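Data first, discussion second: the structure below is written as structure tokens.
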Amino acid sequence: MLIRDHSQGFQHRLSSEITPQSVYQQRRALLQAMAGGAAGAVLAGWAARDAMAATERPGKLAALVGAPSKVAGAVSMERTTSYADATSYNNYYEFGLDKSDPARHAHTLKPRPWTVKVEGLVQHPQTLDIDALLKLAPQEERIYRLRCVEGWSMVIPWIGYSLSELLRKVQPLGSAKYVEFVTLADKAQMPGLDSRVLDWPYTEGLRLDEAMHPLTLLAFGMYGEVLPNQNGAPLRLVVPWKYGFKSAKSLVAIRLTDKEPGTAWNKAARNEYGFYSNVNPDVPHPRWSQATERRIGEDGLFAKKRKTLLFNGYGDQVAQLYAGMDLKKFY
């Protein structure tokens with residue numbers, strides 16, 4: 001296939017030997033070359049943005065490619081965290097309490113076959129298998145900042161689609177105000193369930209308008225491939241303006257309710273983990289400040305911490321959801 005930049009007469013022929021990895025590499029090389037020509041700053045900016053969205057596959061798992069998202073705020077321009085860091089430094093207590101435990105122990109998780117119940121206050125409750133969910137809407141790549149309540153952060157390219165696509169399919173009733181997310185709890189697959197640190201299964205929740213926001217992602221992959229087990233295979237929630245524990249992994253049920261659902265960390269320590277848990281540098285955790293964060297991959301003696309942004313930098317997109325609310329009271 002021949003691609004031409006008419007401003008330069010520049011030509012580039014994609015190889016006939018197409019593989020998922022080569023598509024990423026050739027697309028990135030093409031865009032970089034176009035950006036370096038005389039097409040100007042506008043083309044350069046566009047090319048850089050699109051090249052960042054064309055995430056190179058690590059070649060570890062099955063490919064899952066998404067088109068660059070057009071949702072406002074969905075593509076961060078920051079350098080992405082390495083795949084090695086994003087898949088080896090995890091909180092997933094069902095597989096152990098140390099950051100390295102999920103990568104060591106999550107091989108016991110069986111992401112297929114897999115079904116998810118969508119139930120509660122909906123017109124059309126359904127049980128969908130993973131293949132039906134993968135096909136429900138076009139897959140997109142979204143590069144989101146991830147901020148952990150512990151004070152560290154990453155930038156991760158996810159693959160999925162807005163949760164609202166699924167919720168619209170089941171049609172919430174007028175009485176529905178919240179969405180509860182229930183994750184897998186199977187001792188045969190998850191050795192960490194022997195721990196009493198949380199009340200299993202792990203549950204999370206959002207207000208319905210939060211769940212319907214286009215940035216709220218139902219993710220099936222990352223870095224151009226299906227989700228690794230330790231990152232929440234085969235599907236998880238990603239809510240980029242909230243602390244990471246709000247983004248429940250390995251979902252088995254999505255339930256619409258008229259009452260605020262109890263959530264795992266809120267039940268474990270109500271004074272430390274509120275229902276909303278929006279990223280907020282002005283609301284410290286009872287045991288540490290939230291004003292700054294450590295970006296994973298920027299370690300070292302002279303590495304400076306970053307300033308934490310309100311709503312993790314997504315305020316332009318989501319601040320209106322909380323208009324008039326006291327964010328220190330509703331933390």
Side-chain angles (χ1 to χ4, degrees), residues 14-15 17-28 31 49-71 74-76 79-90 92 102-103 106-107 109-116 118 128-146 154-167 169 181 183-184 189 214-240 244 247-252 254:
L14 294 179
S15 169
E17 296 180 1
I18 298 296
T19 67
Q21 183 72 22
S22 67
V23 168
Y24 283 123
Q25 293 171 337
Q26 293 179 61
R27 185 181 179 205
R28 185 182 296 273
L31 291 168
R49 179 169 61 251
D50 202 36
M52 290 182 71
T55 304
E56 290 187 13
R57 283 186 57 207
K60 303 290 186 181
L61 298 169
L64 183 64
V65 179
S69 179
K70 297 181 180 179
V71 172
V75 181
S76 171
R79 181 171 63 88
T80 56
T81 302
S82 73
Y83 181 86
D85 282 338
T87 56
S88 64
Y89 193 87
N90 309 102
Y92 198 172
H107 63 276
L109 178 67
K110 298 176 182 178
R112 282 178 178 271
W114 195 278
T115 59
V116 178
V118 189
L128 299 167
D129 67 24
I130 187 62
D131 290 314
L133 286 163
L134 283 164
K135 297 173 184 176
L136 188 141
Q139 299 284 339
E140 298 181 359
E141 180 174 69
R142 301 188 182 183
I143 304 177
Y144 282 169
R145 290 180 292 277
L146 170 69
M154 296 184 180
V155 179
I156 296 177
W158 302 101
I159 305 292
Y161 50 77
S162 296
L163 175 65
S164 58
E165 299 281 358
L166 174 58
L167 296 181
K169 180 178 177 65
F181 303 91
T183 70
L184 181 69
Q189 300 183 60
L215 283 177
T216 301
L217 184 69
L218 195 60
F220 301 86
M222 55 192 289
Y223 297 85
E225 298 183 350
V226 297
L227 286 171
N229 287 359
Q230 62 266 34
N231 291 89
L235 78 163
R236 60 171 289 167
L237 192 67
V238 183
V239 192
S247 296
K249 304 177 179 76
S250 302
L251 299 174
V252 295
I254 299 173

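All values reported here derive from a predicted model rather than from experimental measurement.
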Item to check | Close side-chain approach of Leu227 and Met222, heavy atoms under 4.5 Å | outcome: yes
Checklist entry - Distance from Leu167 atom CG to Leu218 atom CG, nearest 0.5 Å? => result 9.0 Å
Next on the checklist: Let me confirm one number: the CZ-OH distance from Arg57 to Tyr223, rounded to the nearest 0.5 Å.
Outcome noted: 14.5 Å
Item to check | Any donor-acceptor pair under 3.5 Å from Asn229 side chain to Leu109 backbone | outcome: yes
Item to check | For Pro228 against Thr87, the heavy-atom pair lying closest together | outcome: CG-CG2, 3.8 Å
Next on the checklist: Checking side-chain contact (heavy atoms from CB on, under 4.5 Å) between Leu217 and each of Val71, Val238, Leu163, which is the one that passes?
Outcome noted: Val238
Item to check | Matching residue for Trp114 among Leu133, Leu184, Leu128 - test: side-chain contact (heavy atoms from CB on, under 4.5 Å) | outcome: Leu184
Checklist entry - Are Lys60 and Tyr83 in a cation-pi setup, meaning NZ or CZ lies under 6.0 angstrom from the ring centre and within 45 degrees of the ring axis? => result no
Checklist entry - Ignoring hydrogens and geometry, is there a side-chain-to-backbone donor-acceptor pair from Gln230 to Ser88 under 3.5 Å? => result no
Next on the checklist: Within this structure, what is the CG-CD1 distance for the pair Leu251 and Ile130, rounded to the nearest 0.5 Å?
Outcome noted: 9.5 Å
Item to check | Positive for side-chain contact (heavy atoms from CB on, under 4.5 Å) with Arg145, one of Val155, Ile156, Thr81 | outcome: Val155
Checklist entry - According to the side-chain hydrogen bond (donor to acceptor under 3.5 Å, both in side chains) rule, which pairs have a member within residues 129-138, sequence neighbours left out? => result Arg112-Asp131
Item to check | Interatomic spacing from CD in Glu165 to OG1 in Thr216 - rounded to 0.5 Å | outcome: 12.5 Å
Checklist entry - Do any N or O atoms from the side chain of Gln189 and from the backbone of Lys110 form a donor-acceptor pair under 3.5 angstrom? => result yes
Checklist entry - Is it true that the side chains of Ser250 and Tyr92 contain a donor and an acceptor less than 3.5 Å apart? => result yes
Checklist entry - Quick one: CD1 on Ile254 to CG on Leu235, what's the gap to the nearest 0.5 Å? => result 7.0 Å
Next on the checklist: How close do Arg142 and Tyr161 get, counting heavy atoms only, and between which atoms?
Outcome noted: NH2-C, 4.4 Å
Checklist outcome for this item: Closest non-hydrogen atoms of Pro214 and Ser162, given as atom of the first, atom of the second and distance, are O-OG, 2.7 Å
Checklist outcome for this item: So CG of Asp85 and CE of Met154: to nearest 0.5 Å the spacing works out to 6.0 Å
